[in-house]
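Quick note on labels: first sequence line is chain A, next is B, and so on, each numbered from 1. Note: hydrogens, waters and symmetry copies are ignored here, and every other heavy atom, side chains too, is used. Remember, predicted model here, so these are calculated numbers, not experimental data.
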There are 2 protein chains.
Amino acid sequence: MANIRDLAKEAGVSVATVSRVLNGYPYVSEEKRKAVWEAVEKLNYSKNIQAVHLAKGRTTIVGVMLPYIHHPYFSAVIEGISKEALRYGYQLLLFQTNYDVERELEALERLRMRQMDGLIVCSHEVDWEAFAAYQEEGPIVLCEQVGEQDFLAVYIDHYQAFVQALRYLVKKGHRRIGYCIGRMTGPNSQARAAAYQDVLREAGVIPRRQWIFEGCLFLEDGKRVIEQWVAMEERPSALLVTSDQVAAGIVLQAGRIGVRIPEELAIIGFDNDPLAELLGITTVALPHFALGEKAFRLIHHWLETGNVHRKQVELPTQLIIRTTG
Amino acid sequence: MANIRDLAKEAGVSVATVSRVLNGYPYVSEEKRKAVWEAVEKLNYSKNIQAVHLAKGRTTIVGVMLPYIHHPYFSAVIEGISKEALRYGYQLLLFQTNYDVERELEALERLRMRQMDGLIVCSHEVDWEAFAAYQEEGPIVLCEQVGEQDFLAVYIDHYQAFVQALRYLVKKGHRRIGYCIGRMTGPNSQARAAAYQDVLREAGVIPRRQWIFEGCLFLEDGKRVIEQWVAMEERPSALLVTSDQVAAGIVLQAGRIGVRIPEELAIIGFDNDPLAELLGITTVALPHFALGEKAFRLIHHWLETGNVHRKQVELPTQLIIRTTG
DNA sequence: ACTTGCTTTGAAACGCGTTTCATACATTAT
DNA sequence: ATAATGTATGAAACGCGTTTCAAAGCAAGT
């Protein structure tokens, strides 16, 4: 394939003139501009974008680090990120790490190698020290609460969301409360664990470790939870479920085996998935799409203005009361 | 940041020697190899990957063209693609086009500009001519049936899947059959339309245009469909629904408004989503994850071997009989 | 008439890593 | 002893587009 020197030769001009024409810069005569476009046509020329990125010292690519995609949270966040990326003419490069620390470090290394201009971290296993170490390489946005740490972040206050839902259950009279969660590690999960401890102590109730159901990510996990619940001698009367998909699995399977929701077991989900509406699941709406939108806007703002002020943006949640709790 | 020439100077060797060391090539003395690594550490050196891609004339990136992510089909396909990409050390660059022809052409242009080594097309609006025009630029895999066209493809025979499901309904005695679908354009949708025409004629039944429900992508769309069905004077007794999410929406909303499934309306979904199992939806299992896996493997095989034989791979489907049909 | 600013154009450096080819020396085979 | 092959190393070209700086000419202002 033809390169810019071939093109210049064909048009009878210099490579600088060709570059001016291709990039729409001024100070080129009409005659020479025309000759260049004719040469482009004749040679079927396209720029090599690797050379452009090398010469300019930047790309129009933002990396996205996430464990996997096929989960409503991650696909909603990416949808939000993508909407803004399209708007500003950026591409997204996926780093699907499956919570593997080596892979997460590899993604950070790619930022350093200038494969992309910034990185959005949807969820991770690696310590914050790793992000701190790579901060100088380009903007990194974390989609989690980072406390006093000097990171760019956009987050949902899962602690407060959990507090709100737990207090609602306590107010309804529940004293035997458990919860379902995807993972126990990670700051979002630890915030929820802290809220659980705090609110139950506040209500004078001892939290029960066996009423915490881990590894709850998908619909099928909800099925497993209700079966475990049935098998318990002493059962919680309410469950907070950190995914509407899982809550739906619980509600649907409860219907099949005759467990009455909310009489025997009250369910509060999170996300406000369409399934929650159709199944009447009380849920805490989490703005995942907006989280993605904001994460991209933070990176874009940094890249456009060079403003390296690392701020944290909180997004609101909302308890939506339906029939399951 | 330091470049390879800085590094060479620091180590007291040539850039060729540095390159040999960094890439693990032979014919470098131990003494000089050591000096290079010490210089890497001292200067905190990382390669610029744009320069590597330019020099080598290839990347380790594959593009993925899709309309949006937040849909079970697309997120399952990407999961399959990602699994294989990780395995072979590739990154995925997303092109979320929302069926916009300009954006789809832009993605093809990026292949030509060598932004990535190949492109997987999950779904598209642009004509096959566009893909034919860009075929010389690198491997393009289409995730659809391409007939006699000379494209690399991996596909599910939606025509046969529809035929199988329709014949099953006819065998059960249904004569008033409709279907729900996401889009009417695109080869997958046209294959289903053809199957609908063919099987109903074969059964001596006139197909009804008003029993075809378009724009059915998500759960909420299922809710709308059942409400439209209720409002019909003459209603189909069975619906094929090309997404289990939509089928679930129909089944759940039918439950809420007192429509008996399958007595009043038989439902057959597609995908074999976990929701289908929990709701007892009869469904045709579609191997979307495997589709993604295979699509990536086809591209990878081409890139590794240079074998440009454009084959088409069909993946099987399976009717799973539950309670809704 | 002279000075300043704008326009036009191209040579060559810059961005940065890989690869090729030449040179010199050492080892092995004949 | 000589030829062939392997080892070690570096100069410079290659991959390809952007940008800078110099040179020349033209127009406008003083």
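Atom CD of A/E136 has 12 or fewer heavy atoms from other residues, nucleotides or ligands within 6.0 Å. The local environment of CD in B/E304 is crowded, with over 12 non-hydrogen atoms from other residues, nucleotides or ligands closer than 6.0 Å.
Taking the charged nitrogens against the carboxylate oxygens, A/E84 and A/K294 have no contact shorter than 4.0 Å, which rules out a salt bridge. In this structure, B/E31 does not pair ionically with B/K34, as no charged nitrogen and carboxylate oxygen lie closer than 4.0 Å.
Listed in residue order, the members of residues 10-19 of chain B having a heavy atom less than 4.0 Å from DNA chain C are B/V15, B/A16, B/S19. Proximity of residues 46-62 of chain B to DNA chain C (heavy atom under 4.0 angstrom from any strand atom) is restricted to B/S46, B/K47, B/N48, B/A51, B/V52, B/A55.
Residue order along DNA chain C, read from the 5' end via each residue's closest nucleotide, puts A/R20 first among B/N3 and A/R20.
The closest side-chain heavy-atom distance from B/L119 to B/M116 is below 4.5 Å.
OP1 or OP2 of D/dT7 sits under 4.0 Å from a side-chain N or O of B/Y27.
Considering A/Y99, A/F131, A/F95 as possible partners of A/H124, the one that fulfils the ring-ring contact (aromatic ring centres under 6.0 Å, His included) test is A/F131.
At distances below 3.5 Å, not a single donor-acceptor pair connects side-chain atoms of A/S19 with backbone N or O atoms of A/V15. Side-chain N or O atoms of B/T17 include none that pairs as donor or acceptor with a backbone N or O of B/V13 at under 3.5 Å.
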Apply side-chain hydrogen bond (donor to acceptor under 3.5 Å, both in side chains) to residues A/Y134 and A/E109 and explain how you reach the verdict.
CA-CA 8 Å; A/Y134 279 86; A/E109 190 58 26; 2.7 Å; yes
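Extent of DNA chain C lying under 4.0 Å from chain A heavy atoms, first and last nucleotide in 5' to 3' order, is C/dT7 to C/dC16.
Ring pair A/Y88/A/F296 is parallel by interplanar angle, where below 30° counts as parallel and above 60° as perpendicular.
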